[in-house]
Amino acid sequence: MSNIFVRKLKLTIINEDEEKRKEQYKFIRDSQYAQYQGLNLAMSVLTSAYLQSNRDTKSNIFKEAKKRLNNSNSIFEGINFGKGIDSKSSITQKVKQDFSIALKNGLARGERSIANYKRTYPLMTRGRDLKFNYNENNEIIIKWVNKIIFKVVIGRKDKSHEELMHTLHKIIAKEYSVKQSSLYFDKNNKLILNLTIESLYKENNKDVIEGRTLGVDLGIKYPAYICLNDNTSIREHIGESMELLKQREQFRNRRKRLQQQLRNVKGGKGRNKKLSALNKLSDSERNFAKTYNHTISKRIVDFAKKHNCEYINLEDLNKNGFDDNILSNWSYYELQTMIEYKSEKVGIKIRYIDPKYTSQKCSVCGNIDKENRPTQEQFKCNKCGFELNADYNAAINIARSFK
């Protein structure tokens, strides 16, 4: 079964033009009012036909009324629905659903009344109209209809904050799908999004091939090189580490500039402003790396699931598999953690193997020699002469390891 859940997000509209910003808030309120009108008119159509047919939902009168309740129904004429929101479809679906629920819960027996929608009923919006991303300050934004852009207002950094950020990262990384959601203003006049989310991991892999293992080599040129143990021609490299390192270098240079500026400011508001910018930069760098890792881990687990793997073999990075310089540029450990919990959701087991010699061992004859890797990208066995991309060769060794 799919996993659907709801999160409440506090939003604010981003617009440098304050008058246009006010107009956009008004657009939401006006659209909410138009929806309120449409909901009650649509419900009155079904109620009237229901009573007219003597509460017989199988009558032609009721069936015809239900059939005519669509986007082109004349009851919607004159209502100024919000541009791009597709309120008519949401209204007709909602009303039919609510009427059906009312019938099941005792409407015919007089135990349930007809729904009456309040003016404050949340404004329904399609999931595909909510486009999550980061802005230049690495804040999470949502592009919506009518060129409206929201910024997600994140609260204090506690456990709930971390959980929320984790969820939003997974939406941006396409691991969660946004379903129909709704907007409303709370009692403090703050804009709230009732965000409905569906996990894209729906069920375990039932067609697992016993013993089939995906080996994952974490490298420098490619964040991950993967292949199967029983058919090494089935392989893939994921991402380009140079893109990651370039981005991280840009963060590092910006940090140096801010630190230099901070040394030149003695105190007061100027210093506080620079400190705030430095903290924001650190958060931005962390969020970037986290999203990058979410994307790579998802592709690895999807590949393993597609090929019915029983295991994913990862190198035990608590040992001396990588030097400090590489680890400082990218959190391999975090990536492994993400692979682990994503694999668990789809029923694939994780095994950690000793990374020692995986890059020096020939995957054909088993010869181990540090001279087998003349360059970072090339593997050439000095015993049997076998040549292969070095990361590919290492991935084969990892896939075939058992401890």
Side-chain angles (χ1 to χ4, degrees), residues 1-13 27-28 31-32 34-36 38-39 42-43 69-71 81-102 104 115 117-118 120-134 139-154 160-186 190-204 291 294-295 297-299 301-302 305 338 341-342 345-346:
M1 295 179 63
S2 63
N3 181 23
I4 296 179
F5 54 100
V6 178
R7 291 287 181 271
K8 287 185 183 294
L9 303 180
K10 186 183 293 185
L11 307 180
T12 185
I13 292 177
F27 169 81
I28 296 173
S31 300
Q32 191 175 6
Q35 178 188 267
Y36 147 78
L39 282 167
M43 183 58 78
L69 189 57
N70 53 40
N71 292 5
F81 292 110
K83 179 183 177 182
I85 302 179
D86 196 25
S87 290
K88 294 179 184 179
S89 293
S90 297
I91 287 168
T92 55
Q93 292 173 21
K94 177 65 177 171
V95 166
K96 289 175 182 179
Q97 180 186 53
D98 287 351
F99 198 93
S100 177
I101 292 172
K104 292 177 181 178
Y117 301 95
K118 296 181 180 180
T120 55
Y121 191 87
L123 177 63
M124 295 177 284
T125 180
R126 295 173 297 193
R128 65 176 180 269
D129 290 334
L130 296 164
K131 297 178 175 63
F132 285 73
N133 216 320
Y134 297 105
E139 299 166 319
I140 294 176
I141 62 169
I142 307 171
K143 292 183 178 180
W144 191 49
V145 303
N146 209 24
K147 298 182 179 180
I148 294 176
I149 300 176
F150 303 113
K151 182 178 79 172
V152 179
V153 180
I154 304 296
S160 60
H161 169 275
E162 290 300 320
E163 181 184 357
L164 176 59
M165 291 303 298
H166 181 70
T167 298
L168 296 177
H169 280 306
K170 295 183 81 170
I171 291 173
I172 295 171
K174 309 298 182 186
E175 294 180 45
Y176 285 163
S177 171
V178 177
K179 315 303 288 184
Q180 179 169 288
S181 302
S182 61
L183 292 158
Y184 72 96
F185 293 90
D186 67 10
K190 301 297 184 183
L191 183 59
I192 305 297
L193 172 65
N194 286 323
L195 180 66
T196 304
I197 308 162
E198 180 181 17
S199 171
L200 297 182
Y201 290 119
K202 296 184 178 181
E203 60 181 21
N204 290 343
T291 302
H294 269 302
T295 302
S297 58
K298 181 179 185 298
R299 287 184 60 183
V301 174
D302 285 348
K305 183 179 178 183
M338 291 180 178
Y341 78 72
K342 287 178 175 68
K345 286 185 177 181
V346 295

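Just so we're clear, the structure is a prediction, and the values are computed from it rather than from any experiment. Reckoned from all heavy atoms, side chains included, excluding hydrogens, waters and symmetry mates. Residue numbers count from 1 along this sequence.
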Inset, instruction - Please lay out, stage by stage, how Met165 and Ile154 fare under the test side-chain contact (heavy atoms from CB on, under 4.5 Å). - result: CA-CA 8 Å; Met165 291 303 298; Ile154 304 296; 3.9 Å; yes
Legend entry - Distance (rounded to the nearest 0.5 Å) between Thr291 OG1 and His169 NE2: 4.5 Å
Inset, instruction - Taking the side chain as every heavy atom from C-beta outward, state whether Phe5 and Thr196 have any pair of such atoms under 4.5 Å apart. - result: no
Inset, instruction - Taking all heavy atoms of Gly82 and all of Ser31, pick out the closest pair and write down the distance. - result: CA-OG, 3.2 Å
Legend entry - Flag side-chain contact, heavy atom, 4.5 Å: Leu9 against Leu164: yes
Inset, instruction - Could you tell me whether the side chains of Thr12 and Lys151 share a donor-acceptor contact shorter than 3.5 Å? - result: no
Legend entry - Spatial distance of atom CD1 (Ile171) from atom CZ (Arg7) [nearest 0.5 Å]: 9.5 Å
Legend entry - Lys/Arg-Asp/Glu bridge criterion (N-O < 4.0 Å) met for Asp302, Lys305: no
Inset, instruction - Report the distance from atom CG of Leu195 to atom OG1 of Thr167, rounding to the nearest 0.5 Å. - result: 9.0 Å
Legend entry - Between Lys8 and Asn194, a side-chain donor and acceptor under 3.5 Å: yes
Inset, instruction - Working to the nearest 0.5 Å, report the span between OH of Tyr176 and CD1 of Ile197. - result: 7.5 Å
Inset, instruction - Nearest 0.5 Å please: distance from the CG atom of Leu183 over to the CD1 atom of Ile85. - result: 8.0 Å
Legend entry - Heavy-atom check, side chain of Lys10 versus side chain of Ile192, under 4.5 Å: yes
Legend entry - Separation of Ser90 OG from Leu123 CG (nearest 0.5 Å): 8.5 Å
Legend entry - 4.5 Å side-chain heavy-atom contact, Lys143 and Phe150: no
Inset, instruction - Could you tell me how the ring of His166 sits relative to the ring of His294: parallel (under 30°), tilted (30 to 60°) or perpendicular (over 60°)? - result: tilted
Inset, instruction - Please confirm whether the backbone N or O of Met124 pairs with a side-chain atom of Gln180, one donor and one acceptor, at under 3.5 Å? - result: no
Inset, instruction - Ignoring hydrogens and angles, tell me if any N or O in the side chain of Thr92 forms a donor-acceptor pair with the backbone of Ser89 under 3.5 Å. - result: yes
Inset, instruction - Starting from the C-alpha separation in whole Å, work towards a yes-or-no answer on side-chain contact (heavy atoms from CB on, under 4.5 Å) for Gln32 and Tyr184. - result: CA-CA 8 Å; Gln32 191 175 6; Tyr184 72 96; 4.2 Å; yes
Inset, instruction - Applying side-chain contact (heavy atoms from CB on, under 4.5 Å), run through Val346 and Lys342 and close with a yes or a no. - result: CA-CA 7 Å; Val346 295; Lys342 287 178 175 68; over 6 Å; no
Legend entry - Set of residues satisfying salt bridge (charged side-chain N to carboxylate O under 4.0 Å, His left out) with respect to Lys88, sequence neighbours excluded: none
Inset, instruction - State, with a plain yes or no, whether a side-chain heavy atom of Lys174 is found less than 4.5 Å away from one of Phe132. - result: no
Inset, instruction - Taking all non-hydrogen atoms of both residues into account, name the closest pair between Arg126 and Arg128 and its distance. - result: NH1-NH2, 2.9 Å
Legend entry - Flag side-chain contact, heavy atom, 4.5 Å: Ile142 against Ile149: no
Inset, instruction - For the residue pair Phe81 and Ile91, establish whether any side-chain heavy-atom pair is separated by less than 4.5 Å. - result: yes
Inset, instruction - Consider only side-chain N and O atoms of Thr120 and Tyr36, and report whether a donor and an acceptor are under 3.5 Å apart. - result: no
Legend entry - Donor-acceptor contact present, side-chain Lys190 to main-chain Leu11, <3.5 Å: no
Inset, instruction - Kindly say whether Met338 contributes a backbone atom to a donor-acceptor pair with the side chain of Ser297 at under 3.5 angstrom? - result: no
Legend entry - Test item: Leu193 and Trp144 side chains (from C-beta on) under 4.5 Å apart, heavy atoms: no
Legend entry - Qualifying residues under ring pair (Phe, Tyr, Trp, His ring centres under 6.0 Å), relative to Phe27, sequence neighbours excluded: none
Inset, instruction - List for me each residue that meets ring pair (Phe, Tyr, Trp, His ring centres under 6.0 Å) alongside Tyr117, sequence neighbours excluded, and say none if there are none. - result: Tyr121
Legend entry - Residue pair Asp86, Asn71: steps toward the side-chain contact (heavy atoms from CB on, under 4.5 Å) verdict: CA-CA 9 Å; Asp86 196 25; Asn71 292 5; 4.3 Å; yes
Legend entry - N-O pairing of Glu198 and Lys179 below 4.0 Å: yes
